[in-house]
Amino acid sequence: MASPFSATTAPGSSRAYRIKNSAGDRVFMAIIYTALSLILIAVLYPLIYILSSSISSPDAVSSGKVWLWPVDISFEGYTTLFSTPLILTGYANSLFYTAAGTLISVTLTIMIAYPLSRRSLYGRSVIMVFVTFTMLFGGGLIPTYLVVKQLGMVDTRWALLIPNAIWVWQVIIARSFFQSSIPDELVEASELDGCSDLRFIWSVVLPLSKPIIAVLVLMYAVGQWNAYFDALIYLKSDHLFPLQLILRSIIILNNGAGAMDVAEMVEKQHLSDLLKYSLIVVATLPVLCIYPFVQKHFVQGMLVGSVKG
Amino acid sequence: MNVARKSFAKHWQLYLILIPPILFFIIFKYYPMANAVLAFKDYNVTKGIWGSPWIGFKNFRLFFDNPIFWTLVKNTLLISLYQLLVGFPIPILLALALNEVRHAKFKKLVQMVTFAPYFISTVVMVSMIMLFLAPRLGFVNLALNALGMDSINFLGEPGMFRSIYVWSDLWQSAGYASVVYLAALAGIDPVLYEAAKVDGASRLQKIIHVDLPGILPTVTILLILNVGNIMALGFEKIYLLQNPLNTSSSEIIATYVYKMGLLNANYSFATAVGLFNSVINLVLLVLVNGLAKRISSNSIW
């Protein structure tokens, strides 16, 4: 500990020391910038590669000619995808699940998070323990499956909308937000004016809570759009399948025949590699498109939750 | 009780809107916990969960005596520990490095780009891994060929499975995970930095003596949460990455539960295996939390 910190106390050596130090700092910074640039490339390269492959010609893709930029630009992959009935159904289903699921989840989350943020609510800590305990322990896959089955939800759209509707972490984040951004004075003033709790939520809390609502919408929408496991275990009819499940059968199981007409598939065999890349882009783009617009809110909201959770 | 009645009378509307979410937790979280008694029963579809006969710990004994038990426990623990070792410290380093960057634009660019993969779905992520590592056309193998090396069937090698899982996970989540640390770093009192500057500390010394102690509470809490999730691996991703060639290192407790329970309809046995997993998880969480409380007075409850 002695050397660096005592250096400044000796007036003569301090100047020389500082120059030496800043040379060291410059090397240090060079290392940091190099490392971050490498990380940037490592994250970006696969993304660009996929995008480039998806708009290259089928031959360039199936002969491995794409390295960074597209080769012989062609949109054949996309035109094929968007003329395949099963993909279109999957896309429509995913849009429906995302819209309906997000609406249900956000509503339910606010319905539990807001009351729990009110200090004057009797029993709120008991309810909070009741809710957070489910983060630590659960019945498991099979017991949950049996409940959904008993409720007659198996192979219906409800199975993807209801059993996973509330995420405890989102409840904690929303509750912390309400607690820190709705001043008690405002609540008291509204009570004096005879404003009911529901009216207060509707005309004061919701307008003041746009950032957290944006976060909830984004998180639930992304989760719902990306989900496949609930669909895998609960759904049997392929007209209900979300896009992710169709994606799995085409790319991961390499089971194009199950997903498309066999004859059509053989005819398009030379397209199959290209199709995989296009499919990845098509399945990811909606989520990546909304991300830059809500990123700011998102980081803020996540911090509120994690700092005060 | 008076307080309660007063609160009910005053906030009946709030209690009213609490009913649907609470019903959700009872039906989809607590009722399954009760259903987990299945683990101690011999499930019979016609008799239902509660009507089926009790068999005590027979399902558990069946599981522990099965030779696959140790493989499952070993695979689950090895992947988790590897994951913890790589996935926990690197986001911290990323945050510390980003915190040093003074070019606002570069900093924002790195943050935005590293954050983005978090939004990629598991299915897409696994699809990407499969395309990139494909023996014939995957660009990793094409690159190896270009360097004069032979192609490797990455997903067919049991020894590579853990690395593929852990490093692809890091690629996907490092940016997201670093956000919390960046926030903690932003919250450090600027006076401390000035004091360090006055004392002539180099940037590295500043990181060691100011930044690290500043984010230690956040690090501890996240470490506890991470350890508590050791048995709760990214099951969906592992399941999708599995193939008959790599199961010797990729079969974990969760994938086994799925296969036994839902594919083989062996409900009672799978429930017992799942329950074993949850209990270990809970015990680990409590242990690590207690340890952290004693060492650093940080704890999640």
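We name chains A, B, ... by the order of the sequence lines, and we start the count at 1 in each one.
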Determine whether the aromatic ring centres of residues [Y] and [X] are separated by less than 6.0 angstrom.
X        : Y        : result
A/Phe229 : A/Tyr234 : no
B/Tyr30  : A/Phe130 : yes
A/Tyr33  : B/His103 : yes

Answer with side chain, backbone, both or neither: which region of [X] has an atom nearer than 4.5 Å to a non-hydrogen atom of chain A?
X        : result
B/Ile207 : side chain
B/Tyr43  : side chain
B/Pro20  : both
B/Leu98  : both
B/Leu93  : neither
B/Ile22  : both
B/Ile129 : neither
B/Met128 : both

**OP:** Go through B/Ser151 and B/Asn145 one step at a time and tell me if the side chain to side chain donor-acceptor pair (under 3.5 Å) criterion holds.
**Re:** CA-CA 6 Å; B/Ser151 297; B/Asn145 293 344; 3.2 Å; yes
Original post:
Would you say A/Trp167 has more than 12 foreign heavy atoms packed within less than 6.0 Å of its CH2?
Top reply: yes
Subject >> Residue A/Trp67 excluded, over 12 heavy atoms near CH2 under 6.0 Å >> reply: yes
Original post:
Between A/Leu36, A/Thr107, A/Leu47, which shows the greatest number of heavy-atom pairs under 4.5 Å with chain B?
Top reply: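 Sorted descending by pairs with chain B, the first entry is A/Leu36.
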Original post:
Out of A/Thr134, A/Leu279, A/Val287, which one racks up the most heavy-atom pairs below 4.5 Å with chain B?
Top reply: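 Ranked by contacts with chain B, first place is A/Thr134.
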Heavy atoms only, distances under 4.5 angstrom: which of [options] has the most pairs with chain A? Name it, please.
options                                : answer
B/Tyr31, B/Phe25, B/Trp12              : B/Phe25
B/Leu38, B/Val101, B/Ile120, B/Val110  : B/Val101
B/Phe132, B/Phe24, B/Tyr15             : B/Phe24
B/Leu204, B/Val279, B/Leu275, B/Leu16  : B/Leu204
B/Tyr239, B/Tyr267, B/Phe139, B/Tyr258 : B/Phe139
B/Ile19, B/Leu109, B/Val37, B/Val273   : B/Leu109

Measure distances from [X] to the heavy atoms of chain B and classify the residue's part below 4.5 Å as side chain, backbone, both or neither.
X        : value
A/Thr109 : neither
A/Ile50  : side chain
A/Leu245 : neither
A/Ile31  : neither
A/Ile127 : side chain
A/Leu288 : side chain

**OP:** Walk me through it: do B/Ser168 and B/Lys237 pass the test side chain to side chain donor-acceptor pair (under 3.5 Å)?
**Re:** CA-CA 10 Å; B/Ser168 63; B/Lys237 192 175 154 196; 2.7 Å; yes
Original post:
When you check the gap from the basic side-chain N to the acidic O, do A/Asp197 and A/Arg118 get nearer than 4.0 Å?
Top reply: yes
Original post:
Does A/Arg199 pair with A/Glu191 as a salt bridge, N-O distance under 4.0 Å?
Top reply: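 Salt bridge: no.
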**OP:** Looking only at non-hydrogen atoms, find the nearest pair between A/Ala113 and A/Ala174 and report the distance.
**Re:**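 Nearest heavy atoms, A/Ala113 then A/Ala174: CB-CB, 3.6 Å.
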Subject >> Test side-chain contact (heavy atoms from CB on, under 4.5 Å) applied to A/Thr132 and A/Ile172, step by step >> reply: CA-CA 8 Å; A/Thr132 44; A/Ile172 295 175; 3.9 Å; yes
